[in-house]
A.B. asks: 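I am attaching a structure below and will ask some questions about it afterwards.
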Amino acid sequence: MSPVPQSSRDRILERIRRANAHATAPEQPIPRVYDRASTKRADDTLELFEERLRDYDAGVFTVHKQEIAQKAAELLQSANRRRIAIPAGLPSEWLHKDISWIPDHDLSFDVLNNVDGVMTSATVGIAVSGSIA
């Protein structure tokens, strides 16, 4: 019995498989030597973080916890943003009554396409890079 001719696609995929089998490099450990402390004072670290955020053209507003809802409402209303999606667990004290808050419980694309924005919180801010996570 003669071999079944392979398509060009099959020959190319077989070559890729063979090349990949030989190309696997041994795993190298990833260095995990992170800065976990700072010699800066907390105020200096916060100032650096705010500076980095402004470099990214982010608005930075200093408010107390009890002022978050009012400041968020002011910012949203001034930008004509009225329907805002929010994640589950966002503190209710951040939500002003004049904004229509839409809890995200697996919102459909249609609903998401019709909101004016999203409000969320952050767990970590990295002053050196201005990153928010």
Side-chain angles (χ1 to χ4, degrees):
M1 183 172 178
S2 62
V4 177
Q6 289 184 319
S7 68
S8 296
R9 177 184 174 273
D10 290 336
R11 287 192 304 273
I12 291 170
L13 289 174
E14 181 57 35
R15 286 182 194 160
I16 292 171
R17 283 185 196 101
R18 275 185 280 157
N20 283 340
H22 298 296
T24 306
E27 287 190 29
Q28 298 293 321
I30 298 172
R32 304 285 185 191
V33 187
Y34 303 117
D35 289 340
R36 296 188 184 272
S38 175
T39 57
K40 293 182 179 287
R41 294 181 352 195
D43 288 345
D44 293 337
T45 301
L46 181 58
E47 186 178 316
L48 176 62
F49 184 56
E50 290 176 356
E51 178 185 320
R52 295 293 192 259
L53 291 174
R54 287 186 182 97
D55 284 345
Y56 293 129
D57 203 26
V60 178
F61 307 93
T62 303
V63 296
H64 295 283
K65 284 183 182 180
Q66 65 272 17
E67 301 169 323
I68 293 173
Q70 183 61 40
K71 188 61 177 181
E74 287 173 15
L75 293 167
L76 292 167
Q77 289 170 339
S78 70
N80 199 29
R81 307 283 192 236
R82 306 275 185 219
R83 294 174 35 83
I84 306 298
I86 57 171
L90 194 72
S92 61
E93 57 271 11
W94 293 7
L95 308 178
H96 195 277
K97 63 179 176 46
D98 293 341
I99 302 295
S100 177
W101 302 105
I102 302 155
D104 183 358
H105 298 290
D106 296 324
L107 295 176
S108 69
F109 290 120
D110 289 334
V111 172
L112 287 172
N113 283 333
N114 287 302
V115 298
D116 298 321
V118 175
M119 181 169 163
T120 188
S121 62
T123 301
V124 174
I126 303 167
V128 173
S129 64
S131 301
I132 300 172

A.B. asks: Testing the basics here: between Arg11 and Gln6, what is the closest heavy-atom pair and its distance to 0.1 Å?
C.D. replies: NH1-O, 2.7 Å
A.B. asks: Quick check on side chain to side chain contact (heavy atoms under 4.5 Å, CB included): which of Arg52, Glu51, Glu50 does Val60 satisfy it with?
C.D. replies: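 Among the candidates, only Glu50 passes.
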A.B. asks: Looking at every non-hydrogen atom in both residues, tell me the closest pair between Thr120 and Pro87 and how far apart they are.
C.D. replies: OG1-CG, 3.8 Å
A.B. asks: Can you tell if the side chain of His96 reaches within under 4.5 Å of the side chain of Glu74, non-hydrogen atoms only?
C.D. replies: no
A.B. asks: Can you confirm whether the side chains of Tyr56 and Arg54 place a donor and an acceptor under 3.5 Å from each other?
C.D. replies: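 No, no side-chain donor-acceptor contact under 3.5 Å.
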A.B. asks: Which value, rounded to the nearest 0.5 Å, describes the distance between Leu13 atom CG and Ser7 atom OG?
C.D. replies: 8.0 Å
A.B. asks: A side-chain contact here means heavy atoms from C-beta on lying under 4.5 Å apart; do Ile132 and Ile126 qualify?
C.D. replies: no
A.B. asks: Linking Ile, Leu, Val, Met, Phe, Trp and Tyr by side-chain heavy atoms under 4.5 Å, what else ends up with Leu90?
C.D. replies: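 Members besides Leu90, by chain and number: Val63, Ile68, Leu76, Ile84, Ile86, Trp94, Leu95, Ile99, Trp101, Met119.
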A.B. asks: Mind checking the OG-CZ spacing from Ser129 to Phe49? Nearest 0.5 Å is all I need.
C.D. replies: 8.0 Å
A.B. asks: Minimum heavy-atom separation for Leu48 and Lys40, please, with both atom names.
C.D. replies: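 The answer is CD2-CE, 4.1 Å.
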A.B. asks: For Asp104, check salt bridge (Lys or Arg N to Asp or Glu O under 4.0 Å) against everything at least two apart and list the hits.
C.D. replies: none
A.B. asks: Is the number of heavy atoms from other residues, nucleotides or ligands within 6.0 Å of CD (Glu47) greater than 12?
C.D. replies: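 Open.
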A.B. asks: Would you say that Arg15 contacts Arg18 through its side chain, given a criterion of any heavy-atom pair below 4.5 Å between the two side chains?
C.D. replies: yes
A.B. asks: Should Leu107 and Val118 be counted in the same cluster of Ile, Leu, Val, Met, Phe, Trp and Tyr side chains packed under 4.5 Å apart?
C.D. replies: no
A.B. asks: Could you check whether any side-chain N or O of Arg83 sits under 3.5 Å from a backbone N or O of Asn114, counting only pairs where one atom can act as donor and the other as acceptor?
C.D. replies: yes
A.B. asks: Return yes if some donor-acceptor pair links the side-chain N/O of Glu67 with the main-chain N/O of His64 below 3.5 Å, else return no.
C.D. replies: yes
A.B. asks: With Arg41, which residues qualify under salt bridge (Lys or Arg N to Asp or Glu O under 4.0 Å), at least two apart?
C.D. replies: Asp43, Asp44
A.B. asks: Working to the nearest 0.5 Å, report the span between CD of Glu93 and NZ of Lys65.
C.D. replies: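 It comes to 8.5 Å.
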